[in-house]
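Whatever order the structure lists ligands and atoms in, that order sets their numbers, starting from 1.
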Amino acid sequence: MNTTQSKSVQETKHFVSLESLSLEEIMGMIEESLRYKQGDLPPLFNGKTVANLFFENSTRTKNSFQMAERHLSIQEIPFDVTTSSVTKGETLYDTCKTLEAIGVNALVIRHPEAGYYHELVEKLNIPVLNGGDGSGEHPSQSLLDLVTIFEEFKTFQGLNVAICGDLVHSRVARSNASVLKRLGANVVGCSPESWWDDSMGLERKELDDVLATCDVIMLLRVQHERHIMGDIFSKEEYHERYGLTVERVAKMKDGAIIMHPAPVNRDVEIAGCLIEHDKSRIFPQMTNGVYARMAILNRALGGQS
Ligand code: CP
């Protein structure tokens, strides 16, 4: 059994942020995801194992990584934080190094600490696939969002994208703002002032001023669990001032789409009746997430002996 690999023999293909990937590599992964969706046979990794370590709850990311693993014939080594030695004070590094030592070939990790992966990518010899790091980044969500946009428009160049809502707490916004600008989209942010984040380098606009010209309205979940000062709006107030209402959708241009990483706070970020609207790509995003994660796993495990 080959439990560890020398970094000098093969570069470990971590996937922790899209920042470290070239545009060519990102476009390649988008096209690969869409080929899987169109029925291209994926590579099979019989005998390879992945552990999915979720220190924060998840429906989409965890289950779609698990589905992608099944499509690629990867065996999941079940890992449950609550019954692991994490409860005895084991560090994240020690948990991961243990899984590497027993022969796991890659780790999918979601963790509440932004940048949790820095020590891991320095010291581990197996790939770390970031399933979300606190308010840091969510690169697999970002890749599936790119797949969804590219599937729709066949380009990013010149697309008008508005990222709307709780920007400061959103790892999805951080990942997408950066990569969409690199790919040539015009990206603006629409958010209450107290949830604005200058470090994303976006121009701040009112949603009502950009609705008619946007190709993509990308809504963000209001992250109640990260609001340490409590919520500053009632649900109704937020929906009325910043949410996608039935009235606002009517002002969107033909061909424009609505996205949301989900889970959705119904009737807060978006009217519940719009979640499955013709313009909504919210459930197709989840479908594309499986194919995007197949491409991520293939990149991580392809070529490993
Ligand atoms: N979009 C997303 O990350 O959803 P989960 O928290 O359910 O994984």
Mind checking ring-ring contact (aromatic ring centres under 6.0 Å, His included) for Phe150 and listing every partner two or more places apart, or none if nothing turns up? Phe156
Say whether, by atom type as modelled, one donor and one acceptor occur between the side chain of Asn265 and the main chain of Glu269 under 3.5 angstrom. no
Using a 3.5 Å cut-off on N/O to N/O, what pairs does ligand 1 make with the protein? A line per pair would be great.
{"unit_1": "ligand 1", "atom_1": "1 (N)", "unit_2": "Gln141", "atom_2": "OE1", "d": "3.0"}
{"unit_1": "ligand 1", "atom_1": "1 (N)", "unit_2": "Pro261", "atom_2": "O", "d": "2.9"}
{"unit_1": "ligand 1", "atom_1": "1 (N)", "unit_2": "Ala262", "atom_2": "O", "d": "2.8"}
{"unit_1": "ligand 1", "atom_1": "3 (O)", "unit_2": "Thr61", "atom_2": "OG1", "d": "3.0"}
{"unit_1": "ligand 1", "atom_1": "3 (O)", "unit_2": "Arg110", "atom_2": "NH2", "d": "2.9"}
{"unit_1": "ligand 1", "atom_1": "3 (O)", "unit_2": "His138", "atom_2": "NE2", "d": "2.8"}
{"unit_1": "ligand 1", "atom_1": "4 (O)", "unit_2": "Arg60", "atom_2": "NE", "d": "3.1"}
{"unit_1": "ligand 1", "atom_1": "4 (O)", "unit_2": "Ala262", "atom_2": "O", "d": "3.3"}
{"unit_1": "ligand 1", "atom_1": "6 (O)", "unit_2": "Arg110", "atom_2": "NH1", "d": "2.9"}
{"unit_1": "ligand 1", "atom_1": "7 (O)", "unit_2": "Thr59", "atom_2": "N", "d": "2.8"}
{"unit_1": "ligand 1", "atom_1": "7 (O)", "unit_2": "Arg60", "atom_2": "N", "d": "2.9"}
{"unit_1": "ligand 1", "atom_1": "7 (O)", "unit_2": "Arg60", "atom_2": "NE", "d": "3.2"}
{"unit_1": "ligand 1", "atom_1": "7 (O)", "unit_2": "Arg60", "atom_2": "NH2", "d": "3.2"}
{"unit_1": "ligand 1", "atom_1": "8 (O)", "unit_2": "Ser58", "atom_2": "OG", "d": "2.6"}
{"unit_1": "ligand 1", "atom_1": "8 (O)", "unit_2": "Thr61", "atom_2": "N", "d": "2.9"}
{"unit_1": "ligand 1", "atom_1": "8 (O)", "unit_2": "Thr61", "atom_2": "OG1", "d": "2.7"}
{"unit_1": "ligand 1", "atom_1": "8 (O)", "unit_2": "Arg110", "atom_2": "NH1", "d": "3.4"}
{"unit_1": "ligand 1", "atom_1": "8 (O)", "unit_2": "Arg110", "atom_2": "NH2", "d": "3.2"}

Using side-chain contact (heavy atoms from CB on, under 4.5 Å) as the criterion, list what pairs up with Val86, not counting sequence neighbours. Phe55, Phe79, Val81, Ser84, Glu90, Thr95
Please list all pairs meeting side chain to side chain donor-acceptor pair (under 3.5 Å) that have one or both residues in residues 235-244, counting only residues at least two apart or in different chains. none
Under a 4.0 Å N-O cut-off, is there an ion pair linking Arg281 with Glu152? yes
So, are Arg204 and Asp198 salt-bridged, with charged N and O less than 4.0 Å apart? no
